[in-house]
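Shown next, in structure tokens, is the structure this report addresses.
This is a predicted model, so every value here is computed, not measured. Whatever order the structure lists them in is the order used to number ligands and atoms, beginning at 1.
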Amino acid sequence: MANTVLFMEDVFVTFDGFKALNKLNFSMDYGELRCVIGPNGAGKTTLLDVVTGKIKPDSGEVIFKETTHLTRMKQEEIANAGIGRKFQTPTIYENLTVRDNLELSVKQDKTVKAMLLGAVAGSAGEKVDETLEITGLRDKQSWRAGLLAHGEKQWLEIGMVVVQDPDLLLVDEPVAGMTDRETENTAVLLKRIAEERSVMVIEHDMKFVREIANRVTVLHEGAVICEGSIDHVHEDPQVIELYLGRG
Ligand code: ADP
Ligand code: MG
């Protein structure tokens, strides 16, 4: 597993006897842009909660970058180790400018490494500039964040995680509520981000998944039922049954 950024083995999570993750096995390589799909209640968000340490599994292993055992770490430790998550709920400061929001996010990176390097202030500006560029928000950097359109707010939030330079970025349903145009831009944005890091995207929108994914993992009842290219997944009888069979 030398090329494995995230490795999960036999992970169980139980809520009041209900198995939200049921012997989940999952792994992804460095540099992948992986999409995780599955019906409501499949356990997708729970998977992210386990990776970020919000939920501790009943049993199983979760290993980041081959040697970092996440199940023994606190949420802040996991974030500092290089896993960033964009939440579905808004976390931007509406009254601050776009640029201020990004600068605040960089400065929250108070790891020993960053402080020892002593370059936080100087490199922060560069990181913010780069992130403004990637998210397409450079021309709006002095706007109050509250004035941004829905899609732009989502990109700012993705930027606020990316600016912290995670090795693995986790994004839960990034295009929910977006226009077609915003969805297309989000695809471009995530592909760009994935050039420099590993990205896991949870998403329902199949058109969007087709647009971005290298590999797709289908989750059902807390376990992986199918994995591969989008075409492979689309032709899988069990997946067809899940998505279309009862229609
Ligand atoms: P998905 O994101 O794929 O829609 P979730 O991971 O949110 O699914 O949820 C998986 C299952 O676990 C669902 O049946 C959900 O109701 C249940 N669940 C999730 N979180 C909790 C919780 N904190 N307490 C009880 N049940 C939960
Ligand atoms: Mg969910």
R215 and D29 ion-paired at < 4.0 Å: no
Answer yes or no: is there an ion pair linking E184 with K207, defined by an N-O contact shorter than 4.0 Å? no
Per-atom contacts of ligand 1 with N40, taking only distances under 4.0 Å to non-hydrogen atoms: 4 (O)
D49 and R85 ion-paired at < 4.0 Å: yes
Name the closest protein heavy atom to atom 23 (N) of ligand 1, giving the residue it belongs to and the distance to 0.1 Å. F15 CE2, 3.7 Å
A42-ligand 1 polar pair, N/O distance under 3.5 Å: yes
Around atom 7 (O) of ligand 1, find the nearest protein heavy atom and jot down its residue, atom name and distance. T45 CB, 3.7 Å
State whether the shortest distance between N or O atoms of G43 and N or O atoms of ligand 1 falls below 3.5 angstrom. yes
For ligand 1 and F18, I'd like to know whether there is a polar contact (N/O to N/O, distance under 3.5 Å). no
heavy-atom search around atom 13 (C) of ligand 1 in the protein gives G41 CA, 3.8 Å
Between K44, E173, H204, H220, flag the one that comes closest to atom 3 (O) of ligand 1 by a heavy atom. K44
Closest non-hydrogen atoms of T186 and P174, given as atom of the first, atom of the second and distance, are CG2-CB, 4.2 Å
Interatomic distance, R99 atom CZ to T131 atom OG1 [nearest 0.5 angstrom]: 9.5 Å
Nearest heavy atom to atom 5 (P) of ligand 1, choosing from I55, T46, D172, belongs to T46
Return yes when at least one protein heavy atom is under 4.0 Å from atom 15 (C) of ligand 1, and no when none is. no
Full working for salt bridge (Lys or Arg N to Asp or Glu O under 4.0 Å) between E94 and K153: CA-CA 9 Å; E94 302 245 326; K153 283 184 186 169; 3.3 Å; yes
Going by the atom numbers of ligand 1, which of them fall below 4.0 Å from some non-hydrogen atom of A20? 12 (O)
Between H150 and E182, is there a side-chain donor-acceptor contact under 3.5 Å, judged purely by atom types and distance? no
Can we say K19 and E221 salt-bridge, meaning some charged N sits less than 4.0 Å from an Asp/Glu carboxylate O? no
T45 backbone or side-chain N/O/S under 2.8 Å from the Mg ion (ligand 2): yes
